[in-house]
Amino acid sequence: MINPHPGLPELEYVKPASLSEACKFLEEHDGTAKPFSGGTDSFVRLRDGVIKLDYLVDIKGLDGTKELSYDPKKGLTIGAAVTMNQVVKNKDVIKYYPILVQAANSVASYQLRNRATIIGNICNASPAGDTIGSCLVLDGVLDVTGTTGKRTIPLNTFFLAPGRTVLKTGEVVTSITLLPPPAGMAGVYKKLGRNIISDLSIVGVAVIGYPSSKSPSGYTFRIALASVAPVPMEALKAEAILSEKKITTETLALAADFAMDAVTPIDDVRGSARYRKLMVRNLTREALTEVWTKLSK
Ligand SMILES: Cc1cc2nc3c(=O)[nH]c(=O)nc-3n(C[C@H](O)[C@H](O)[C@H](O)COP(=O)(O)OP(=O)(O)OC[C@H]3O[C@@H](n4cnc5c(N)ncnc54)[C@H](O)[C@@H]3O)c2cc1C
């Protein structure tokens, strides 16, 4: 019989003194070392034999990774070592980014959120990552450090395939910065899982909307979808129709249809591709209706 949990193999825990030391170590041990933050993905994958490593490099506490700060001009910066529970308890996040609180609170359990980080959720690059959609619709930009220096990567260009990103060998994400919330913004995260806690999403829908003089409809909507394509995605055609046409019940329903048409889900243990498609339509319509109700009050 196959043992699905062969157990945590022996490996070395590495605690570098600086970010540059961490990057150098990761570069020198390409293929056998990985960075980790909360370890809630890494340890499970190592235990189950999905990945094999000789070293786990702890980046918690290195230069800037503990930052959690809000600036009205710059937006919200979340360091790589900041846990989801720290994020959801932060007064600025509660005030300005309630969609992120909702999304982070939908991840697993309170205990797991004491370890799990937003950056870990992003770098794991699972299409099911619950906090990624909120970061996408808020134009998240990642700060990255490597052996050759620093660079920024817009989140919407970060994902290549399930588990694969544009990060190069030796690069570590130190933080993400989200846009300051546009005036009058309303948002919601809708997650469909097999149970209320501790399961990945079958479908996840993150929606924000706000008044906008640039849109003929008078409003801009952003819609991101989880678990329905190889990478987290935005429903661009649905967003466009909401920008162009007067917002009515019919327009919201049409946008939800466009969102459904844009996804390319797979069948898996959590749900069939067909079910996922239909749920994208239903959840997107629900989310848009909720956001529109708040905007039109
Ligand atoms: C029981 C259980 C339930 C779960 N439920 C959910 C759920 O409901 N929704 C959900 O979205 N997820 C869920 N997860 C997955 C996981 O908890 C999240 O993805 C979490 O946010 C990962 O964060 P972490 O800090 O623990 O990541 P880690 O395990 O530390 O890292 C994850 C990946 O990112 C890489 N990485 C981490 N930090 C960096 C960095 N700074 N720079 C570059 N690469 C980095 C690591 O090398 C690794 O590949 C669940 C996991 C478990 C075990």
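Just so you know, ligand 1 is whichever comes first in the structure, and atom 1 is the first atom listed for that ligand.
The backbone N or O of G79 sits nowhere less than 3.5 Å from a side-chain atom of S175 that would complete a donor-acceptor pair. Although no hydrogens or angles enter the test, the distance criterion places a donor-acceptor pair under 3.5 Å between the side chain of N121 and the main chain of T131. Listed for the D268 side chain is a donor-acceptor partner under 3.5 Å among the backbone atoms of R270. A donor-acceptor pair is defined here as one N or O able to donate and one able to accept, closer than 3.5 Å; such a pair exists between the side chain of E21 and the backbone of A17.
Remark: K15 NZ is packed, more than 12 non-hydrogen atoms of other residues, nucleotides or ligands lying under 6.0 Å away. Counting non-hydrogen atoms of neighbouring residues, nucleotides and ligands closer than 6.0 angstrom, the NZ atom of K294 exceeds 12 such neighbours.
Between H29 and F25, the ring planes lie parallel to each other; the angle is under 30°, not in the 30° to 60° tilted range.
Of the heavy atoms in S109, none comes closer than 4.0 Å to ligand 1. With a 4.0 Å cut-off on non-hydrogen atoms, I59 touches ligand 1 through its side chain and not its backbone. Residue-level proximity to ligand 1 for A80 is carried by the side chain, the only part with a heavy atom below 4.0 angstrom. For I119, every heavy-atom contact with ligand 1 shorter than 4.0 Å involves the side chain, none the backbone.
Donor-acceptor pairing under 3.5 Å is recorded for the side chains of S201 and S227. S18 and S20 are linked by a side-chain donor-acceptor pair at a separation below 3.5 angstrom, with hydrogens and angles left out of the test.
Listed by number with element, the atoms of ligand 1 under 4.0 angstrom from any heavy atom of G38 are 24 (P), 25 (O), 26 (O), 30 (O). Per-residue contacts place N121 under 4.0 angstrom from the following atoms of ligand 1 (heavy atoms of the residue considered): 10 (C), 11 (O), 12 (N), 18 (C), 19 (O), 21 (O), 22 (C), 23 (O). In the vicinity of V172, heavy-atom distances shorter than 4.0 Å reach the ligand 1 atoms 41 (N), 42 (N). Heavy-atom proximity to F36, at under 4.0 Å, picks out these atoms of ligand 1: 30 (O). Those atoms of ligand 1 that come under 4.0 Å of a heavy atom in G129, given as number and element, are 11 (O). Atom numbering of ligand 1 starts at 1 in the shown order; those under 4.0 Å from a heavy atom of V44 are 53 (C).
The nearest heavy-atom contact from the protein to atom 42 (N) of ligand 1 is V173 N, 2.9 Å. Annotation: atom 10 (C) of ligand 1 to nearest protein heavy atom, D130 OD2, 3.6 Å. Considering only non-hydrogen protein atoms, atom 5 (N) of ligand 1 sits nearest to A108 CB, 3.4 Å. When only non-hydrogen protein atoms are considered, atom 21 (O) of ligand 1 lies nearest to T117 O, 2.9 Å. The protein heavy-atom contact nearest to atom 45 (C) of ligand 1 is C123 CB, 3.5 Å. Here the heavy atom of the protein found nearest to atom 48 (C) of ligand 1 is S42 OG, 3.5 Å. For atom 52 (C) of ligand 1, the closest non-hydrogen atom on the protein side is L112 CD1, 3.5 Å. In this structure, the protein non-hydrogen atom closest to atom 47 (O) of ligand 1 is P35 O, 2.6 Å.
The distance criterion of under 3.5 Å between nitrogen or oxygen atoms is met by S37 with respect to ligand 1. Geometrically, ligand 1 and L167 share no nitrogen or oxygen pair separated by less than 3.5 Å. Taking distance alone, with nitrogen or oxygen atoms compared against 3.5 Å, A116 stays at or beyond that limit from ligand 1. Every N/O-N/O distance between M84 and ligand 1 stays at or above 3.5 Å.
Here CG of L62 is found 10.5 Å from OG1 of T174. Values are rounded to the nearest 0.5 Å. Considering CG of L68 and CG of L76, their distance stands at 6.0 Å, rounded to 0.5 Å. From L288, atom CG reaches atom NZ of K190 across 11.0 Å, with rounding to the nearest 0.5 Å. Distance check, rounded to the nearest 0.5 Å: OH of Y97 to CG of D92 gives 8.5 Å.
Comparing K191, R45, Q111 by heavy-atom distance to atom 8 (O) of ligand 1, the nearest is K191. The heavy atom nearest to atom 19 (O) of ligand 1, considering only N124, D41, T40, is found in D41. With atom 12 (N) of ligand 1 as the reference point, the heavy atom nearest to it among L200, I118, T131 is part of L200.
One finds a salt bridge joining E171 and R151 here, because a Lys/Arg side-chain nitrogen approaches an Asp/Glu carboxylate oxygen to under 4.0 Å.
Heavy-atom separations between S106 and ligand 1 include at least one value shorter than 4.0 Å.
Each of K168, E27, K24 was evaluated against T147; a single residue qualifies, E27, per the side-chain hydrogen bond (donor to acceptor under 3.5 Å, both in side chains) test.
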